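One structure is given below, encoded as structure tokens.
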Amino acid sequence: MALVELSNVTKQFTKGEQTITPLDQIDLQIAEGEFVSLMGPSGSGKSTLLNLVSGIDRPDSGSIVIDGTDITQLSRGKLADWRAENLGYIFQTHNLIPVLTAYENVELPTLLLKQTSQQRARRVQLAMNAVGLGDRVNHYPRQLSGGQEQRVGIARAIVTHPKIVVADEPTGSLDLKTSRQIQKLLQDLNQQLGITMLMVTHDNEVASIATRQLLLNQGKFIDGHTSPSVRREGGEALG
Amino acid sequence: MGTHHHPFAGKVGKPLVKYILKTLWRHRARTFLTVSGTAVAMFVFCLVGSVQQGMSRLTEDTAANQNLIVFQENRFCPASSHLPEDYAAKIQKLDGVREVIPIQVWTNNCRASLDIVVFNGADPTKIQRHRPLVLTDGSWQTFSNRQDAAIVGRGVASRRNISAGDQFTIGSLSVYVAGIFISEIPAEENLIYTDLRFLQYTSGLNMAGLVTQHEVVLNESASPDLVASEIDALLRSGAVATKTRRKSAFQASTLSDLIDLISFAHWLGYASIGLVLSLVATTTVMSVQDRMKEYAVLQTLGVRPSGTVSLVVGESLFLCLVGGCVGTFIASITLFVGSFAIGAEGATIAFRPSLSLALFGVGISLAVGVIAGIAPAIRAATVNIANTLQDA
């Protein structure tokens with residue numbers, strides 16, 4: 001059974017008198033441990049799809065079942081609980097909380113779960129180490145480079161051991177060298193830790209690190225699905 | 001999801017407080033200005049409240065409702081009321097009268113003043129028996145034995161820097177300070193008591209055999225209004241006609257112009273609260289407006305809408321509470337140290353700090369903090385997450 005299953009999902013927007021349909025009766029399955037990239041031209045619906053899977057937007061019709069829960073049926077509060085427990089989100093522009101240190105930013109999602117301070121500290125430290133920033137815990141976002149900020153953002157996304165991590169153009173605001181470092185990091189997290197990922201990107205090179213590439217255009221997949229990859233063996237679990 | 005524990009969703013947890021404090025510290029100039037403005041407004045609110053309380057104490061005092069003041073008819077300033085001292089013996093014979101205290105009043109200013117000095121001359125034994133005074137320095141014995149001795153209320157002593165053992169001179173009056181007293185009735189602490197004879201025979205007053213007023217202490221069962229009518233009827237045929245009223249009514253009448261002004265001043269108190277509300281609400285709205293994306297990020301990470309409300313309301317609550325506490329504290333200290341009083345025609349209204357006023361000030365700050373934060377909090381909690389993340 002797929003970890004993520006979208007069935008007949010449609011999303012429409014009204015802009016003036018015009019109705020736009022960024023997603024038109026979409027079906028998608030993502031297996032546990034899979035790394036899926038989503039490409040397409042601007043306005044093709046890839047960000048909308050990411051928002052729907054993240055539970056920060058709702059479809060007009062269809063269902064989105066993740067690990068057995070149809071998230072379209074959850075209230076706003078329950079959806080927030082679901083995100084806290086099941087979702088990691090990597091933003092294009094990092095979106096770290098400026099008043100919190102790197103450690104506190106990564107710790108933030110764990111504060112929403114029932115954990116002891118020792119458990120939280122261990123998870124934060126492991127996540128920071130996983131992204132190679134164990135020595136930057138007390139730095140504020142303004143004291144970090146763009147690449148380091150994105151690493152903190154990635155640590156924040158994986159610290160709760162979510163069912164799925166979504167990434168919205170995670171290298172979009174980085175230079176080439178830093179972009180490649182982040183690509184490698186994402187690939188390692190998927191291959192070594194078995195984290196399921198759905199990533200939106202404009203960049204073919206970035207898309208190629210995924211085990212399956214999907215192309216969206218005018219609200220529909222145009223290439224169809226490739227076969228879900230099998231989770232790599234030997235991944236070391238976090239925490 | 002059942003295992004969730006949400007410090008941002010309802011409970012004011014340590015992380016929530018830390019986040020609020022760090023956010024406020026990051027925008028410390030804005031925080032400082034808002035807290036300062038709130039403190040100033042709450043300072044004014046407490047000063048106005050203390051004036052209102054002083055007025056209420058004067059007009060609602062139970063003891064003052066059971067005592068009568070006999071004054072010369074159609075006279076208002078103590079300097080113009082001259083009653084024969086022997087009226088006391090006539091009044092004493094009426095049913096319901098426990099004791100009559102002839103009082104000579106001298107004041108340095110019959111008009112409204114913030115530094116009025118009022119002397120009340122009366123029999124020292126009657127003063128000790130009927131006035132709720134406690135000497136904090138000096139002795140009753142010196143006051144009784146020495147004719148030019150006076151006991152001075154804490155308020156006057158504080159304003160004029162008078163201590164026991166000093167010689168205090170004002171106008172043609174010069175007294176030896178036999179003691180400093182405090183009283184459960186704050187207005188008393190703005191009086192100076194001397195022996196009746198001393199005040200009557202002071203050079204320039206020439207009031208031998210005359211007094212300003214008679215204070216009539218009634219038995220508990222007596223009807224004040226009935227006895228007042230009987231006194232005026234009894235003395236109508238005397239040398240000087242009288243007007244007798246309950247002490248509280250007499251004071252209210254004496255201070256009527258001031259009371260009108262003070263009653264009007266309560267609008268100033270409401271204006272202060274309105275100022276705090278608009279100030280903190282503006283700051284909170286600006287803060288939320290600047291950080292809509294941050295609230296969208298927090299909710300993406302799993303912070304509930306109710307948690308977002310707690311964050312925003314917590315912020316406005318903190319601003320109001322700190323400003324309110326600072327303003328209330330400074331007002332209380334100022335009122336305590338300043339011993340302010342306003343008086344006219346020999347009667348005074350004391351402005352005092354009080355626990356009830358301080359608690360009311362803090363309570364108002366809490367309420368205003370919540371009200372100021374509600375609208376921006378709802379806005380932050382209902383933000384369209386996807387659009388906000390995309391737009392920013």
Side-chain angles (χ1 to χ4, degrees), chain A residues 11 13 22 47-52 54-58 67 69 71 74-101 104-117 120 140 142 153 156-157 159-160 162 166 168, chain B residues 1-28 30-31 287 290-311 314-315 318 378 380-392:
Chain A
K11 179 72 181 176
F13 297 111
S47 291
T48 305
L49 179 58
L50 196 78
N51 291 341
L52 294 179
S54 310
I56 60 173
D57 202 354
R58 291 178 188 277
D67 198 28
T69 302
I71 63 170
L74 299 177
S75 66
R76 188 165 173 142
K78 291 283 183 193
L79 207 48
D81 290 348
W82 176 86
R83 283 195 297 271
E85 201 167 6
N86 297 288
L87 181 83
Y89 199 114
I90 301 168
F91 301 90
Q92 179 182 354
T93 51
H94 330 310
N95 285 333
L96 301 181
I97 306 298
V99 297
L100 302 179
T101 62
E104 290 163 342
N105 265 287
V106 177
E107 185 190 32
L108 190 58
T110 66
L111 296 170
L112 305 171
L113 304 176
K114 192 169 187 174
Q115 291 190 331
T116 64
S117 55
R120 283 204 302 269
Y140 284 90
R142 64 179 179 277
R156 183 176 64 181
V159 72
T160 56
V166 298
D168 186 7
Chain B
M1 280 183 286
T3 59
H4 268 248
H5 171 65
H6 274 271
F8 285 99
K11 287 184 187 177
V12 182
K14 198 174 159 190
L16 184 142
V17 173
K18 188 174 167 184
Y19 176 85
I20 290 171
L21 292 180
K22 283 197 159 201
T23 301
L24 292 171
W25 179 248
R26 180 177 166 86
H27 304 282
R28 45 195 172 275
R30 186 163 69 189
T31 300
S287 171
D290 289 350
R291 293 188 290 133
M292 286 306 277
K293 191 179 179 189
E294 196 169 306
Y295 293 117
V297 169
L298 287 171
Q299 291 189 53
T300 302
L301 297 179
V303 174
R304 281 180 151 218
S306 57
T308 312
V309 168
S310 300
L311 285 173
E315 211 173 299
F318 180 88
I378 290 172
T382 55
V383 61
N384 184 318
I385 302 173
N387 287 352
T388 306
L389 290 175
Q390 197 174 3
D391 291 345

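Every chain is numbered from 1 and lettered A, B, ... according to where its sequence line falls, protein lines coming before strand lines. Excluded from the calculations below are hydrogen atoms, water molecules and symmetry mates; all remaining heavy atoms, backbone and side chain alike, are included. Given the structure is predicted, the values throughout are model-derived calculations rather than measurements.
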Answer key: most heavy-atom pairs under 4.5 Å with chain A among B:Thr23, B:Ile385, B:Thr300, B:Thr382 is B:Thr300
The interface call for A:Phe13 against chain B, heavy-atom contacts under 4.5 Å, is neither
Checklist entry - Passes side chain to side chain donor-acceptor pair (under 3.5 Å), B:Gln299 versus A:Arg83? Steps please. => result CA-CA 9 Å; B:Gln299 291 189 53; A:Arg83 283 195 297 271; 5.2 Å; no
Subject >> Test side chain to side chain contact (heavy atoms under 4.5 Å, CB included) applied to B:Glu294 and A:Leu96, step by step >> reply: CA-CA 8 Å; B:Glu294 196 169 306; A:Leu96 301 181; over 6 Å; no
Looking only at A:Pro98, A:Gly55, A:Ser47, the option with the highest number of non-hydrogen pairs under 4.5 Å against chain B is A:Pro98
task = Check the pair A:Arg156, B:Val297 against side chain to side chain contact (heavy atoms under 4.5 Å, CB included), reporting the backbone distance first and the verdict last.
result = CA-CA 12 Å; A:Arg156 183 176 64 181; B:Val297 169; 4.1 Å; yes
CD (A:Glu104) and NZ (B:Lys18) are apart, to the nearest 0.5 Å, by 4.0 Å
task: Report yes if the side chains of A:Thr93 and B:Lys293 come closer than 4.5 Å at any heavy-atom pair, otherwise no.
output: yes
NZ of B:Lys22 to OG1 of A:Thr101, rounded to nearest 0.5 Å, is 5.0 Å
Interatomic distance, CG@A:Leu108 vs OH@B:Tyr19, rounded to 0.5 Å, equals 8.0 Å
When the 4.5 angstrom heavy-atom criterion is applied to A:Thr48 and chain B, the contacting part is neither
Bottom line for B:Ala381: the part with an atom under 4.5 Å from chain A's heavy atoms is backbone
By ring pair (Phe, Tyr, Trp, His ring centres under 6.0 Å), A:Tyr89 pairs with (sequence neighbours left out) A:Phe91
So CZ of B:Arg26 and CZ of A:Arg142: to nearest 0.5 Å the spacing works out to 6.5 Å
Heavy-atom nearest pair, B:Arg304 first then A:Gly77, reads NE-O, 3.6 Å
d(B:Leu389 CG, A:Gln92 CD) to nearest 0.5 Å is 11.5 Å
With sequence neighbours left out, the residues meeting side-chain contact (heavy atoms from CB on, under 4.5 Å) with A:Ser75 are A:Lys78
Cut-off 4.5 Å, heavy atoms of chain B, and the answer for A:Asn51 is side chain
CG of A:Leu111 to CG of B:Leu16, rounded to nearest 0.5 Å, is 10.5 Å
